[in-house]
Amino acid sequence: MYKIVKKEVLNDLVELMEIHAPFVARKCEPGQFVIIRVDEDGERVPLTIADYDREKETVTIIYQVVGYSTKLLSQKQEGDSIQDFVGPLGVPAVLDKKEKKVIGVAGGVGAAPLYPQLRKLAEQGTKVEVIIGGKSAPYVLLADRFAEFCDNVYIATDDGSMGTKGFVTNVLQEILDKDRDAYEECIAIGPLIMMKNVVKVTKPFDLHTMVSLNPIMIDGTGMCGGCRVTVGGKTRFACVDGPDFDGFEVDFDECMTRQGYFREEEHQCRIGLGKEA
Ligand code: FES
């Protein structure tokens, strides 16, 4: 069993948990994920690693309550335990680009997996900036934590309640129009439509862009086929070959079609558990 040592409600849909998981905390790297099972009857849920502390032997996960299992997880409190916490899984992000400037773009809970990637780059001497987006101020995640190591933290909200009114892509376009040569890489993590639109902005500038396809994973085992995606004309599995891929090569339209398959079932589960999102 894995003890929940800290729980924080970040907004009405998103929560953070710090889990005591010594083996995962020792081995994990930014870009990787874990599979959790809340109890012995629970389904396997892949969740990206938002942070880790090798000394405290803890791993932080940030999750959105989108279906039955994350709703069950959200009913757990500090001091409770969860059944399984397996990992680290997936291919670590390639972050050995010293003395370059990287701009990160995060939408919603995408801020969680982006955070350890940008922090590691900053620790290696890379200059990093970030654009964080959300529908309104409460949905802009981790801005204070990014500010600890980012040269600039730009914020965009749909309703203008924090930062620029508009999308992260509007802010990104403006930044690149001003000084594209200041950046050598973009890392975008968020909803598929956001990552697709980020690539639309960066491609004309030929700014190499990595995206994370963790939103399309279902069981994270390489067996269900739910995360199958075409990258550069080849079939890939996000949970085995990724979750990070070259954004210029991803077939986003195919991903979005597949992600929609279970939307109605998740909606029904939320209603059944009394949490309508
Ligand atoms: S999530 Fe099932 S095969 Fe990747």
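In each ligand, atom 1 is the first atom listed, and ligand 1 is the first ligand listed. Computed from a prediction, not measured in an experiment: that's the story for all the values here.
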Next on the checklist: Within the 3.5 Å criterion, strictly below it, is a donor on Y63 or E15 matched to an acceptor on the partner's side chain?
Outcome noted: yes

Next on the checklist: Under a 4.0 angstrom heavy-atom cut-off, which atoms of ligand 1 come close to C239?
Outcome noted: 1 (S), 3 (S), 4 (Fe)

Item to check | Proximal atoms of ligand 1 relative to C227 (non-hydrogen, under 4.0 Å) | outcome: 1 (S), 3 (S), 4 (Fe)

Checklist entry - D80 and Y2: side chain to side chain donor-acceptor pair (under 3.5 Å), yes or no, with the steps? => result CA-CA 8 Å; D80 291 344; Y2 296 85; over 6 Å; no

Checklist entry - Does a side-chain heavy-atom distance below 4.5 Å link I103 with V130? => result no

Item to check | From CA spacing to verdict: side chain to side chain donor-acceptor pair (under 3.5 Å), E174, N170 | outcome: CA-CA 6 Å; E174 205 174 306; N170 303 132; over 6 Å; no

Next on the checklist: Within a 6.0 Å radius of atom NZ on K7, are there more than 12 heavy atoms belonging to other residues, nucleotides or ligands?
Outcome noted: yes

Item to check | Element-labelled atoms of ligand 1 that are located less than 4.0 Å from some non-hydrogen atom of I218 | outcome: 1 (S)

Item to check | Short side-chain donor-acceptor distance under 3.5 Å, S136 and T157 | outcome: no

Checklist entry - Which of the numbered atoms in ligand 1 are below 4.0 angstrom from a heavy atom of G225? => result 2 (Fe), 3 (S)

Checklist outcome for this item: ligand 1 atoms nearer than 4.0 angstrom to some heavy atom of M223 are 3 (S)

Item to check | A238 near ligand 1 by a heavy-atom separation under 4.0 Å | outcome: no

Next on the checklist: How wide is the angle at atom 2 (Fe) of ligand 1 spanned by C224 SG and D219 OD1, rounded to 10 degrees?
Outcome noted: 90°

